[in-house]
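Numbers for residues simply follow the sequence, beginning at 1.
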Amino acid sequence: MSHDLETREIRFAHRVRLALDEASDSPSPNIAARLAAARQEALARKKPEPVAVVQPALVLAGVGAMQSPEIGGPRRAFDKLGRLGLLWPLAALVIGLAGIAYWEHQQHIQDLADIDAAVLSDELPLSAYADHGFNAYVKRAQ
């Protein structure tokens with residue numbers, strides 16, 4: 001029973017779709033004129049789109065804005081400086097990281113030198129450090 005109802009609904013929907021398609025293909029002249037008038041009215045009420053005005057300018061610290069009227073003139077030199085200006089922070093970062101790595105390496109060398117100096121200046125013989133029973137010797141000494 002429900003299958004029959006669904007089939008009838010599908011057929012009805014198909015007929016309605018065909019009728020709407022036929023009506024939309026060729027609207028009556030009255031409807032076409034009203035749609036054209038409504039479109040013209042909507043276009044007349046439309047707000048104009050804002051136009052972005054771009055003026056080339058370079059702002060330097062303490063100098064202000066410098067505008068260059070010709071495209072190929074001083075602006076090109078400032079563009080190159082601007083691109084180099086992006087590299088300065090990167091160069092500073094690389095130099096800083098290299099400095100930190102160097103300092104940590106020097107600290108590691110200094111720590112190893114301190115350990116070597118302590119081992120060499122200690123009263124224990126060097127063979128005691130290589131002995132597997134050294135931990136037992138240290139524990140007995142304490």
Side-chain angles (χ1 to χ4, degrees), residues 1-124 126-139 141-142:
M1 179 107 170
S2 101
H3 179 64
D4 186 39
L5 180 63
E6 288 178 14
T7 306
R8 275 195 258 155
E9 287 178 354
I10 291 172
R11 282 187 205 155
F12 177 73
H14 184 65
R15 279 186 267 159
V16 168
R17 188 188 70 171
L18 287 176
L20 289 174
D21 284 344
E22 287 175 10
S24 68
D25 286 341
S26 58
S28 68
N30 183 24
I31 294 175
R34 286 179 32 208
L35 286 174
R39 183 176 190 280
Q40 291 300 325
E41 185 179 340
L43 287 175
R45 288 185 184 177
K46 180 184 173 194
K47 294 180 183 178
E49 294 182 12
V51 177
V53 177
V54 179
Q55 291 183 346
L58 175 69
V59 179
L60 299 174
V63 177
M66 298 172 51
Q67 296 182 357
S68 60
E70 64 269 348
I71 298 298
R75 178 151 171 85
R76 281 190 178 215
F78 288 131
D79 283 345
K80 290 179 183 175
L81 288 175
R83 283 188 223 128
L84 288 176
L86 295 175
L87 293 177
W88 286 115
L90 181 62
L93 178 67
V94 169
I95 291 170
L97 290 175
I100 290 171
Y102 177 77
W103 180 77
E104 285 185 354
H105 182 68
Q106 291 299 322
Q107 285 297 110
H108 182 68
I109 291 172
Q110 184 64 37
D111 292 343
L112 290 177
D114 290 343
I115 292 171
D116 287 346
V119 167
L120 292 174
S121 66
D122 198 9
E123 295 178 5
L124 290 175
L126 292 178
S127 61
Y129 289 105
D131 187 12
H132 293 292
F134 176 67
N135 288 334
Y137 171 77
V138 172
K139 286 181 183 176
Q142 291 177 353

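Rounding to the nearest 0.5 angstrom, the gap separating the CD1 atom in Ile115 from the CD atom in Gln110 is 11.0 Å. Atom-to-atom distance recorded for Ile95:CD1 and Leu90:CG is 10.0 Å, nearest 0.5 angstrom. The distance from the CG atom of Asp4 to the CD atom of Glu9 is 10.5 Å, given to the nearest 0.5 Å.
Among residues at least two apart or in separate chains, there is no salt bridge (Lys or Arg N to Asp or Glu O under 4.0 Å) pair with a member in residues 104-120.
The side-chain hydrogen bond (donor to acceptor under 3.5 Å, both in side chains) search around His108 returns none, not counting sequence neighbours.
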